[in-house]
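What follows is a single structure, written as structure tokens, with notes after it.
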Amino acid sequence: MQLARSLLGCVVVRVAPEGTLTAGAIVETEAYDGPADLASHARFGRTARTAPMFGAGGHAYVYLIYGLHTCLNVVSGPEGRAGAVLVRALAPLLGEAVMRERRGRPHDAAARLAAGPGRLTQALAIGRELDGHDLTLPHQLWLAGPPAAISRRLRQDGIAVGPRIGVAYAGPRWATRPWRFGWRGHAALSRPFPGAAGEAGRGEP
DNA sequence: ATAGGGATTCTC
DNA sequence: AGAATCCCTATT
């Protein structure tokens, strides 16, 4: 959970094989724990797919969801201890035009280009070939610490906390755990946080 | 071998 | 509200 919080404001840098550079600041994350966490892919123990989750921290865990979308995770903790943070949304910093072209949606607002785990990986051209990739080295895909200006703005706006998305199957105990973190009020959030100002749910009688 | 389901997104 | 889509997991 510490990692999920501290990743907010950090910059994801991607250099695609063609040399195309894209980058964005993380505005939303979700924490997933080890085998005890019934919402985590680690709940079945170590398998071929989830092996990176059990590996050394600072590496990527990239998987395919719903047969169509790719999700990027940052592995946490020491080797042997499963855990990862899903990166759910980025605020674009570099390569907006490239992201828009990759998304194939010319009319999308800049802040929406990487708002959501699937959109994010599409905008940065992150595929399963990067599964297990070391994110601490400046090669292909890596993480940079939060720039001072971004860090300052994040501090001013605050961090919103809420339950994780799409994990109802894990049962109430795990589905309601407040392990989703976001830059409060940011336009690049994948969706609003419950109780967050500015966007209410359905009207209440 | 095969069935069931999903850390999503877009359109109707 | 519902489809698209395919890999992973579990079961036979």
Side-chain angles (χ1 to χ4, degrees), chain A residues 1 3-5 7-8 12 24 26-55 57 59-77 82-90 92 99-133 135 160-183 187-194 199 201-203:
Chain A
M1 325 312 126
L3 178 64
R5 287 188 94 100
L7 279 176
L8 293 176
V12 178
I26 298 175
V27 301
E28 184 182 343
T29 59
E30 275 179 9
Y32 287 85
D33 206 354
D37 178 3
L38 296 185
S40 172
H41 287 179
R43 66 188 181 279
F44 297 117
R46 184 181 194 137
T47 67
R49 177 178 68 145
T50 62
M53 277 193 78
F54 291 79
H59 287 239
Y61 168 46
V62 181
Y63 67 91
L64 185 70
I65 188 66
Y66 296 129
L68 1 158
H69 297 110
T70 303
C71 292
L72 170 67
N73 297 251
V74 180
V75 175
S76 70
V85 173
L86 171 65
V87 185
R88 287 190 55 90
L90 298 180
M99 293 187 194
R100 199 169 271 119
E101 185 177 0
R102 283 178 180 149
R103 297 259 315 126
R105 288 171 188 280
H107 298 304
D108 277 5
R112 302 266 88 199
L113 291 172
R119 292 172 172 179
L120 180 162
T121 52
Q122 189 179 17
L124 298 203
I126 295 170
R128 298 217 323 139
E129 71 279 2
L130 291 167
D131 191 28
H133 181 83
L135 297 171
V161 182
R164 295 176 290 184
I165 304 293
V167 296
Y169 63 85
R173 175 185 169 85
W174 292 100
T176 60
R177 219 139 254 219
W179 286 354
R180 177 180 175 227
F181 303 92
W183 182 320
L189 289 174
S190 68
R191 54 178 94 175
F193 278 75
E199 174 89 18
R202 295 297 161 144

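Proteins get letters first, then strands, A, B, ... in listed order; numbering begins at 1 in each. Given the structure is predicted, the values throughout are model-derived calculations rather than measurements.
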Is the phosphate of [N] approached by [X] (side-chain N or O, under 4.0 Å from OP1 or OP2)?
X	N	result
A:Arg191	B:dT9	no
A:Arg128	C:dC8	yes
A:Arg43	C:dA10	no
A:Tyr169	B:dA7	yes
A:Arg105	B:dC10	yes
A:Arg119	B:dC10	yes
A:His41	B:dA7	yes
A:Arg164	B:dT8	no

#### Entry: Nucleotide paired to B:dC10 in any strand shown, Watson-Crick or G-U, under 3.5 Å
C:dG2

To the nearest angstrom, how far is [X] atom [atom1] from [N] atom [atom2]?
X	N	atom1	atom2	result
A:Tyr66	C:dA3	OH	C1'	13 Å
A:Arg49	C:dT9	CZ	P	5 Å
A:Tyr61	C:dC8	OH	C1'	9 Å
A:Ile165	B:dT9	CD1	C1'	14 Å
A:His107	B:dC10	NE2	P	15 Å
A:Leu68	C:dC6	CG	P	7 Å
A:Leu113	B:dC10	CG	P	11 Å
A:Leu189	B:dA7	CG	P	21 Å

Would you classify [X] as touching base, sugar-phosphate or nothing, given that sugar-phosphate means primed atoms plus P, OP1 and OP2, and contacts are heavy atoms under 4.0 Å?
X	value
A:Thr50	sugar-phosphate
A:Leu64	sugar-phosphate
A:Arg112	nothing

## Note on the structure
Considering only heavy side-chain atoms of A:His69, the closest of B:dA7, B:dT9, C:dT9 is B:dT9

### Message
What I want to find out is whether A:Glu30 reaches A:Arg164 closely enough, with some N-O distance under 4.0 Å, to be called a salt bridge.
### Response
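Looking at A:Arg164 together with A:Glu30, the answer is no, because their closest N to O distance does not fall below 4.0 Å.
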
### Task
Please round to the nearest 0.5 Å and tell me the distance separating atom CD1 of A:Ile165 and atom CH2 of A:Trp179.
15.5 Å

### Task
For A:Gln122 and A:Arg103, test the side chains for any donor-to-acceptor distance below 3.5 angstrom and give the result as yes or no.
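Looking only at side-chain atoms, A:Arg103 and A:Gln122 do form a donor-acceptor pair, the distance falling under 3.5 Å.
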
Are [X] and [Y] side-chain neighbours, meaning at least one heavy-atom pair lies under 4.5 Å?
X	Y	result
A:Glu28	A:Leu120	no
A:Tyr61	A:Thr50	yes
A:Phe181	A:Leu7	no

### Query
Does any N or O donor sit under 3.5 Å from an N or O acceptor when you compare the side chain of A:Tyr63 with the base of B:dA7?
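Yes, the side chain and the base share a sub-3.5 Å donor-acceptor pair.
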
